There are 2 protein chains.
Amino acid sequence: MFTIGKASEQSGVNIETIRYYERMGIVPKPGRSAGGRRLYSSNEIAKLRFVRRCRDLGFPISIIQTFLSLTEQDDRSCGEVKTLAENHLDEINAKIENLTRLREALLSLSSNCDEGTAACPMLDSLMQDGFGEDRAGQSGH
Amino acid sequence: MFTIGKASEQSGVNIETIRYYERMGIVPKPGRSAGGRRLYSSNEIAKLRFVRRCRDLGFPISIIQTFLSLTEQDDRSCGEVKTLAENHLDEINAKIENLTRLREALLSLSSNCDEGTAACPMLDSLMQDGFGEDRAGQSGH
DNA sequence: GCTTGCTCCTGTAGCCACTACAGGAACTAA
DNA sequence: TTAGTTCCTGTAGTGGCTACAGGAGCAAGC
C-alpha cells in the first residue's frame with residue numbers, strides 16, 4: 001500500500017487532483033492508515049493512471065466515469081467504448097478544423113500589420129462595422 | 001442610444017456577457033436612462049463587437065484589454081499588436097499539433113476495438129502499466 | 001386606468017477540471 | 001528531541017461565461 005505521494009508519482013496525477021477525484025466520487029475512497037492517511041493499492045493507482053491517460057486523450061470526466069464502470073462489468077463493453085471514442089474523435093476533428101480556420105483568419109488579418117504603421121489595420125478591421133460576420137460564427141468555444 | 005437588448009443584437013454579445021464585461025471592467029460602464037437602464041452609444045457597441053471578434057479569434061480577455069487600450073492611444077500600436085497576434089498564432093499551432101497527435105493516438109487505440117469483443121483492448125491498454133508514458137505528456141490542457 | 005407580457009435590473013450560484021493556500025497533525029531521520 | 005517532510009481538512013480562486021430568483025420598468029391594447 002502506498003501513500004498519496006507515491007500514488008501521485010506512480011499515476012502521474014497531482015496530489016490535489018487525486019483528492020479532488022475522491023471528493024467528486026470519480027475514484028473510490030481509499031483505505032486509511034491508523035494516523036488517518038490515505039493508503040492506495042496498486043489497483044487503485046492503476047485506476048488513477050487510467051483517468052490521467054484518458055484526460056491526456058482529452059476525454060471529459062463524465063465519459064471517463066462511463067469507461068471506469070465499463071471496466072468493472074468487463075463483458076462486451078467494447079461497442080460502447082468505440083462509440084464514445086468515435087464521438088470524441090469527431091469533436092477533436094471539429095476542434096482542429098476550427099483552429100485551422102482561426103489560424104487562416106488571424107494570418108490574413110495580421111499580414112497587413114507592419115511595425116511602425118500609425119493605425120493598426122488589424123485592430124481597424126476588427127472594430128469596423130460589417131467585417132467577417134459570416135465566417136466568425138458562434139461555433140462552440 | 002440603445003438598450004442592452006439592442007446592443008446585444010448588434011454586437012453579437014449575450015446580454016449576460018455584456019453585464020459581465022462591465023462588472024469585470026473590460027468595457028466602460030455605459031450611461032443610464034431615467035429608469036436605471038443601460039444605454040449604449042454605437043461606439044460602445046463597436047467595442048463590444050470588437051471584443052466578440054477577438055474572442056472568436058481565440059484571444060483571451062487579458063490580451064483583448066491590451067488591444068482595447070491600444071486602440072485608444074492610436075499611435076504606432078501595430079508592432080505590439082503583431083507580436084501578440086504572432087504569439088497567439090504560435091499557441092494555436094501548438095494546439096493543432098497537440099490535437100493531431102491526440103487524434104492519431106486515439107485512432108490507433110480504438111482501431112483494435114471491435115464490437116462484440118469481450119474485453120476491450122482500448123480500455124485494457126489504458127489500464128496497463130507501462131503504456132505510452134513517453135508521448136502522453138503533461139502538456140498544457 | 002389597468003392588465004398583459006416583454007425587457008431590464010441586481011445579486012448570487014453554477015459550470016469544468018482543477019489549483020492554491022491556510023492552519024494544523026502525523027510521520028521519518030539524525 | 002528536534003527538524004523537516006508529508007499529509008490532513010476546508011475553503012477560495014481560475015477563465016469566461018451562463019442561469020436563475022425575485023423584482024422593477026415600460027409599451028400596447030382594452
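Predicted, not measured: the structure shown is a model, and the values here were computed from it. Residue numbering restarts at 1 for every chain, and letters A, B, ... go by the order of the sequence lines.
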Kindly give the heavy-atom pair with the smallest separation between Pro30(B) and Glu22(B), and that separation in Å. CD-OE1, 3.5 Å
So which one's nearest nucleotide on DNA chain D is more toward 5', Ala34(B) or Ile61(B)? Ile61(B)
For Ala7(A), is there any backbone N or O sitting under 3.5 Å from a side-chain donor or acceptor partner on Ser11(A)? yes
Please work out if Phe59(A) contacts a base, only the sugar-phosphate, or nothing of the nucleic acid, heavy-atom cut-off 4.0 Å. nothing
Rounded interatomic separation in angstrom, taking CZ from Phe2(A) and P from dT6(D): 17 Å
With a cut-off of less than 4.0 Å, is there a side-chain N or O of Thr17(A) near OP1 or OP2 of dA17(C)? no
Considering just the side-chain nitrogens and oxygens of Arg32(A), establish if one lies under 4.0 Å of OP1 or OP2 belonging to dT9(D). yes
Counting N and O atoms only, with roles assigned by atom type, does the side chain of Arg52(B) sit under 3.5 Å from a partner on the main chain of Val13(B), one being a donor and the other an acceptor? no
Arg52(A) CZ - dC18(C) C1' separation (whole Å): 16 Å
From CE of Met24(B) over to C1' of dG15(D), roughly how many Å is that when rounded to an integer? 11 Å
To the side chain of Glu16(A), which of dA20(C), dC20(D), dC8(C) is closest? dA20(C)
Using a 4.5 Å cut-off on heavy atoms from C-beta on, say whether the side chain of Leu57(B) contacts that of Leu126(A). yes
Within residues 84-94 of chain A, the residues having a heavy atom closer than 4.0 Å to DNA chain C are none
Starting from C1' on dG16(D), measure out to CD1 on Ile15(B) and report it in whole angstrom. 18 Å
Tell me if a side-chain donor or acceptor on Glu44(A) pairs with a main-chain N or O of Ser41(A) at a distance below 3.5 Å. yes
Between Tyr20(B) and dG15(D), is there a contact of a side-chain N or O with OP1 or OP2 at under 4.0 Å? no
Please tell me which of Arg23(B) and Ile4(B) maps to the more 5' nucleotide of DNA chain C, matching each residue to the nucleotide holding its nearest heavy atom. Ile4(B)
dC7(D) OP1/OP2 closer than 4.0 Å to side-chain N/O of Thr3(A): yes
From the list dT6(D), dT7(C), dC18(C), which nucleotide is the closest neighbour of the side chain of Arg37(B)? dT7(C)
Using a cut-off of strictly less than 4.0 Å, decide whether Arg38(A) has a side-chain nitrogen or oxygen near OP1 or OP2 of dC8(D). yes
Take Phe59(B) and Leu106(A) through the test side chain to side chain contact (heavy atoms under 4.5 Å, CB included) and record every step on the way to the result. CA-CA 10 Å; Phe59(B) 283 105; Leu106(A) 200 52; 3.7 Å; yes
Would you say Tyr21(B) reaches dG16(D)'s phosphate, i.e. side-chain N/O to OP1/OP2 under 4.0 Å? no
Report the distance from atom CD1 of Ile63(A) to atom P of dA17(C), rounded to the nearest whole Å. 10 Å
Just how far, in rounded Å, is P of dC17(D) from CD1 of Ile18(B)? 12 Å
Does a side-chain N or O from Asn14(A) land closer than 4.0 Å to OP1 or OP2 of dT19(C), or not? yes
Under 4.0 Å, counting only non-hydrogen atoms across every strand here, what does Arg19(B) touch: a base, just sugar-phosphate, or nothing? base
Is Arg55(B) close enough to dC17(D) that one of its side-chain N or O atoms is under 4.0 Å from OP1 or OP2 there? yes
Quick one: are Ile64(A) and Arg55(A) in side-chain contact, heavy atoms under 4.5 Å? yes
Round to a whole Å and report the spacing from CD of Glu22(B) to C1' of dT18(D). 17 Å
On DNA chain C, does the nearest nucleotide to Val51(A) precede the nearest nucleotide to Leu39(B) from the 5' side, or the other way round? Give the residue. Leu39(B)
Would you compute the distance between atom CG of Leu89(A) and atom OG of Ser110(B) and round it to the nearest 0.5 angstrom? 5.5 Å
